[in-house]
Structures are given as structure tokens and as C-alpha cells.
Amino acid sequence: MLHLHNTLTRTKEPFETLKDGHVGLYVCGITVYDVCHVGHGRVMIVYDVLFRHLQSMGLAVNYVRNITDVDDKIIKRAAENNVSPEALSQRFIDEMHADERALNVLPPTHEPRATQTIKGMVNMITRLIDSEHAYAADNGDVFYSVSSFAEYGKLSGRKLDELRSGERVAIDEHKRDPMDFVLWKSAKPGEPSWESPWGQGRPGWHIECSAMSMELLGEEFDIHGGGMDLEFPHHENEIAQSEALTGGRFARYWMHNGLVRIKDEKMSKSLNNFLTIKEVLKDYTGEEVRTFILGSHYRSPLNYMSESLDSARAVLRRFYTALRDYAIDTESDSAPLSQVYVDRFTAAMNDDLNTPEALAVMHELAGALNKSTDSLAGQELANTLRHLGRHLGILEQDADTILKAAGKGVSSESQLSNEAIDALIEERQRARANKDFKRSDEIRDQLVELGIVLEDTGGITTWRRN
RNA sequence: GGCUGAGUGGCAGAGUGGCCAUGCACCGGAUUGCAAAUCCGUUUACCUCGGUUCGACUCCGGGCUCAGCCUCCA
């Protein structure tokens with residue numbers, strides 16, 4: 001039985017779907033005004049693993065992750081680059097998809113864009129005004145009235161009067177209450193805008209998620225996820241809008257992943273301390289990044305350190321080394337698996353997606369595989385390791401290829417071709433046969449200099465790149 | 001100031017009221033011509049002060065420190 005930590009209750013709760021066999025999952029995606037950084041990568045990977053896990057439970061998952069393609073920063077950035085906002089956002093959507101492919105992230109079922117859901121938002125705002133949860137100011141802005149929603153603050157545990165006293169933003173004169181937030185912004189000349197009952201304008205940020213989730217998942221759905229920094233005010237506001245409108249519940253389970261940090265500080269655009277996914281991919285493979293992210297629990301903060309990425313590399317090297325002598329069983333869906341490990345792995349995943357524990361199970365499995373002397377039992381363990389890896393979106397590559405692949409971040413001109421390496425190994429074998437260990441060791445040392453490690457096992461010499 | 005959450009061995013990182021996390025690193029051993037990989041073994045821990053308990057790193061309370069949010073942010 002899957003348990004998920006629900007931010008609404010601050011406890012782990014048994015996960016029960018609203019509709020038998022189906023899950024509606026909504027995740028707040030990215031505002032496409034720049035390339036993605038590692039923090040975005042964590043969101044992609046964490047909810048991708050949730051997606052995979054729910055599917056593995058036999059559930060039909062409708063996974064919706066939105067794209068915010070209209071916003072102040074997009075407009076500003078587009079103007080700076082002398083391109084249209086549409087062209088700018090399309091460019092970064094393409095970049096984002098490339099990052100996801102590199103990280104082996106499955107495409108969500110739907111990726112709605114804010115600009116394609118304007119009608120739904122206008123409709124929703126109209127109904128909010130009709131029911132007096134929102135009001136139009138004389139400048140064309142429309143605001144949500146937080147005091148009209150008695151449960152405001154239930155997600156983040158805040159109370160309106162506490163928030164007001166801590167208010168540190170200049171109060172917008174058009175607002176009736178400083179905590180009211182904008183649903184619709186009147187457009188300035190030259191900005192992208194849409195017609196509305198309140199004049200030309202564009203949507204505020206929060207309303208888009210309510211509109212898109214409602215359109216694709218219905219008024220009430222199972223899981224809503226996103227980064228912890230979205231808990232307040234964004235998700236709080238989503239609840240206020242949606243539940244005021246429907247009178248019922250919005251999302252049943254709220255999940256928030258921890259933030260990626262650098263030197264104990266949040267990685268973010270505004271602090272300018274971020275590393276883009278593309279930068280990291282220069283030095284590490286997508287699989288290594290994935291393993292690094294899954295090495296800590298999704299709700300914990302995660303410090304970005306090259307040592308941790310190196311550690312992820314070592315983890316994969318250990319797994320692939322164990323798998324090296326076993327073919328990938330292409331019919332692994334039907335191949336027998338070692339149930340003990342599958343059960344322990346599943347139990348870890350069912351405990352609020354405890355991926356570090358799941359990886360620990362895989363390490364013990366790899367140890368058993370290394371110890372196995374029986375090839376049939378070994379194949380079963382290898383199949384199991386592959387199977388569990390796939391569950392996490394890793395260990396899908398050919399082991400020998402991975403181990404021989406040139407390490408990322410190593411300059412290519414210092415690389416020896418595989419043929420040249422094989423030739424040197426042959427020469428070394430002849431030397432060893434003649435007990436010319438001096439020459440034999442020379443060759444090995446020479447290869448070590450180039451990052452190539454030889455392994456003499458069972459009379460056969462294999463090699464890998466370090 | 002308010003609201004969340006966190007503090008585990010050299011590093012990373014799970015977890016539990018009394019017994020092994022796991023990986024990397026280190027040390028010893030097996031194996032090897034020497035290595036590598038692998039296996040076996042050892043060592044190192046639970047921020048602090050109180051309380052509950054036969055017994056707490058684990059539960060409760062105070063304190064300290066750190067992070068996130070309260071402005072855009074995944």
C-alpha cells in the first residue's frame with residue numbers, strides 16, 4: 001500500500017485514488033524564460049519516478065505538467081533579445097524537452113500551456129466575480145479576495161492576520177486587502193494580451209494552474225505536486241480559487257519536493273547561484289544526475305556537490321560492473337525475478353517514495369549478484385536489478401558499453417580508441433605469457449595514465465574507463 | 001517578527017523505543033605474478049538541556065544552529 005506525505009495534513013497518508021484504477025496527477029511545471037537548472041531537474045525526476053511508480057501499480061495515470069508561457073519575465077527577456085515572447089518561450093520549451101530526454105524523464109500525458117487555456121481562465125474569473133470571491137479594479141486588474149475564503153492558509157499553516165502584520169511588500173492601491181492577489185492583469189501597450197470582460201489583459205500566475213488542472217483532470221483530482229517554494233503563496237492561492245469556485249475539494253494529496261541547494265543556500269535564478277542542467281551534463285551523464293537526485297529523499301533539501309555526483313557515478317559503476325556478465329533479458333517482463341528484493345524495494349517505494357532505501361536494497365542485490373556462482377540464479381538477480389533500475393529510470397544501458405564509455409568531462413584528444421586499447425591488451429597478454437611482467441606492467445601503467453583500468457578475471461582481460 | 005521543516009559516523013544518506021542501514025573513504029584479510037574488480041572482517045554516529053520509560057538517536061518540552069516561505073522562484 002502506497003503512503004504519501006500530504007502537505008495538507010503534514011503526515012504520511014495511505015494513498016487512495018478518487019476513481020478506481022485511475023490517478024490524476026498535476027505538477028507545476030516551468031516558466032519558460034530561460035534554460036532549466038538542477039532544481040528544475042529535481043522536479044522532473046522526482047515526479048517522473050512517482051509517475052513510473054504509480055504505473056507500476058497498475059494505475060492509469062493522467063499526468064499533467066503545465067508550461068507557463070506568459071509572464072513578466074518572458075516578456076522582459078523577449079524584449080531584451082528582440083524576439084517575440086512566443087518565439088522565446090518556444091525556444092526554452094524545446095530546451096526543456098532536450099534536458100528531459102537527457103535525464104530519461106518520460107513525457108507527461110499532457111503539457112498544457114497557459115496561453116492555450118486563456119478561455120478557461122476568463123471563464124473561471126468571471127464566475128469568481130459573480131460569486132464575490134473576486135473583484136475588478138477600475139484599472140482593469142482583477143483580484144481575488146482572500147477574506148472571502150474562510151480556509152485561506154490551510155495548506156501552509158498561516159493565518160491571514162499574521163500574514164498581514166508581516167507584510168513587507170508595497171501595497172497595491174487597487175487591492176482591498178494587501179493579501180489579495182491578481183487573477184487578471186490589464187495589458188500595457190506592446191504586451192501579449194487577450195480580450196476579456198475587463199479589457200485587454202493577461203492572466204495572473206496562479207489562475208492558470210486551476211484552469212489547466214480543472215480542464216484536464218476535473219474539479220477534484222488525486223495529487224498535486226511542485227517545489228516546496230510554491231507551497232505559499234502559489235498553491236495556497238490555487239486552493240482558494242478552485243475551492244471557492246467549486247465549493248468542493250481541489251487536490252486531495254499535496255506533494256512538495258525539497259529544494260536543491262548550493263553551499264546550503266537555495267539554488268535559484270534570483271540568487272544567481274544556479275547550475276543549468278546542460279552545464280552539469282558536460283561533466284556527468286543524465287543517468288548519473290538521476291542517481292544523484294534519487295540518492296536523497298525527495299522531501300529533503302539536496303546540496304549540489306561534485307563529490308555527490310562522483311558518488312552517483314561510483315554507484316552506477318558498481319551496478320553495471322555486477323551486471324556486466326549478464327545479458328539484458330529482453331523478455332524481462334516475464335522473466336522470473338527475485339521476489340525478496342522486489343518486495344523490499346516496493347516497500348521502500350511505497351513508503352513515500354523512499355528512493356535512498358530503494359537504492360540500498362539494490363546495493364544488497366548487487367552484492368548478492370556478485371557473490372552468485374550459479375549462472376541461472378545470477379541471471380535472475382541480474383534481471384531483478386535491471387527491473388528495479390528501470391523502475392527508477394536507470395540501469396537501462398548496456399553494461400559493457402557504459403563501463404567502456406569515455407567519462408564525461410574528459411578531453412577527447414587524450415582518448416585512445418577501443419582498437420588501440422585492444423591491441424595493447426593483446427601485447428600485454430603475450431608479455432604475461434612470457435612472464436615479462438615488467439613490460440606487462442608498463443602497458444597497464446600507461447593505460448592507467450589514460451584513465452583505462454584493466455581487469456584480469458578468469459584468465460580474460462577486460463577493461464573500463466575510469 | 002510569523003509560518004514550515006531540518007540537525008545521524010571522515011563524506012553522502014536511510015531508519016528504528018532495546019539487535020546490521022546502504023554507498024563512498026579508511027584499516028585488516030582473501031583473491032591476484034602485481035593490480036583492478038569482487039568477497040570477508042574491523043573501526044567511527046545520532047546538536048544541546050530536561051522529561052516520560054526497565055531502556056531513547058528514536059516519544060514529549062525548552063534551547064541552540066541551519067534552511068525554505070511570508071516579493072518572482074521548482
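Residue numbers begin at 1 in each chain, while the letters A, B, ... track the order of the sequences.
- A cation-pi arrangement is present between A:Arg158 and A:Phe232 under the rule of less than 6.0 angstrom and at most 45 degrees off the ring axis.
- Contact between A:Met255 and A:His5 at its shortest, heavy atoms only, is CG-O, 4.0 Å.
- Here A:Gly153 lies out of heavy-atom contact (under 4.0 Å) with every strand.
- Using a 4.0 Å heavy-atom cutoff across all strands shown, A:Gly226 reaches sugar-phosphate atoms only and no base atom.
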query: Can you give one letter per nucleotide of nucleotides 3-8 of chain B, 5' to 3': B if a protein heavy atom sits under 4.0 Å from the base, S if only from the sugar-phosphate, - if neither?
result: BSS---
task: Kindly determine whether A:His235 and A:His256 satisfy ring-ring contact (aromatic ring centres under 6.0 Å, His included), including the steps that lead there.
output: CA-CA 10 Å; A:His235 291 161; A:His256 290 97; 4.9 Å; yes
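- Put simply, A:Lys371 has a side-chain N or O that comes within less than 4.0 Å of OP1 or OP2 on B:C40.
- Ring planes of A:His224 and A:Phe250: tilted class, angle from 30 to 60°.
- Residue A:Val46 is out of contact with every strand shown, counting any heavy-atom pair closer than 4.0 Å.
- Taking the P atoms as reference points, B:G61 lies 28 Å from B:A45, given to the whole Å.
- Annotation: of the two residues near RNA chain B, A:Gly29 and A:Phe232, the 5′-most nearest-nucleotide partner is A:Phe232.
- Near-neighbour residues of RNA chain B inside residues 93-110 of chain A, defined by a heavy atom below 4.0 Å, are absent.
- Of the inter-residue distances, the one linking A:Glu449 atom CD with A:Arg444 atom CZ reads 13.0 Å to the nearest 0.5 angstrom.
- A salt bridge does not link A:Asp48 to A:Arg65: none of the charged side-chain nitrogens sits closer than 4.0 Å to a carboxylate oxygen.
- A salt bridge links A:Lys154 with A:Glu243; the closest basic N to acidic carboxylate O contact falls under 4.0 Å.
- Proximity note for A:Asp351 (side chain, C-beta onward) versus B:C69, B:G15, B:C72: the nearest is B:G15.
- Residue A:Glu455 is in base contact, counting any heavy-atom pair closer than 4.0 Å across all strands shown.
- Nucleic acid contact for A:Asp441: base, since at least one base atom lies under 4.0 Å from a heavy atom of the residue.
- Nucleic acid contact class of A:Lys269 (heavy atoms, under 4.0 Å, all strands): none.
- Among the protein residues, A:Asn354 comes within range of the sugar-phosphate backbone only, with heavy atoms under 4.0 Å from sugar or phosphate atoms but none that close to a base.
- Considering only side-chain atoms of A:Ser440, the nucleotide from B:G33, B:A74, B:C39 that sits closest is B:G33.
- Among the atoms of the strands shown, base atoms are found under 4.0 Å from some heavy atom of A:Leu454.
- The residue A:Arg444 sits close to a base: some heavy atom pair falls under 4.0 Å.
- For A:Gln339, the side-chain hydrogen bond (donor to acceptor under 3.5 Å, both in side chains) criterion is met by A:Asp343, not counting sequence neighbours.
- Judged as a side-chain contact (heavy atoms from CB on, under 4.5 Å), and not counting sequence neighbours, the contacts of A:Asn62 are A:Val64, A:Thr109, A:His110, A:Leu217.
- OP1 or OP2 of B:A14 sits under 4.0 Å from a side-chain N or O of A:Ser300.
- Residue contacts shown for A:His297 are limited to sugar-phosphate atoms, with no base heavy atom under 4.0 Å away.
- For the C1' atom pair drawn from B:G13 and B:G62, the interatomic distance equals 29 Å after rounding to whole Å.
- A:Phe274 carries A:Lys269 over the face of its six-membered ring, with the cationic atom under 6.0 Å from the centre and within 45° of the normal.
- Contact annotation: A:Asn303 side-chain N/O to B:A12 OP1/OP2 distance is not under 4.0 Å.
- Base engagement by A:Met267 is indicated by at least one non-hydrogen atom pair under 4.0 Å involving a base atom.
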Enumerate the protein-to-nucleotides 19-30 of chain B contacts in which both atoms are nitrogen or oxygen and the separation is below 3.5 Å.
| unit_1 | atom_1 | unit_2 | atom_2 | d |
| --- | --- | --- | --- | --- |
| B:U22 | O2' | A:His363 | ND1 | 3.4 |

Scan nucleotides 41-46 of chain B against the protein and return all N/O pairs shorter than 3.5 Å with their distances rounded to 0.1 Å.
none

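- As judged by a 4.0 angstrom heavy-atom cut-off over every strand, A:Thr321 is placed among residues touching the sugar-phosphate backbone only.
- Taking only side-chain atoms of A:Glu265, from C-beta outward, the nucleotide of B:G68, B:C39, B:C34 with the closest atom is B:G68.
- When each of A:Thr457 and A:Asn257 is assigned the nucleotide of RNA chain B bearing its nearest heavy atom, the one mapping closer to the 5' terminus is A:Thr457.
- Between A:Asp72 and A:Lys76 no salt bridge is recorded (no basic side-chain N to carboxylate O distance below 4.0 Å).
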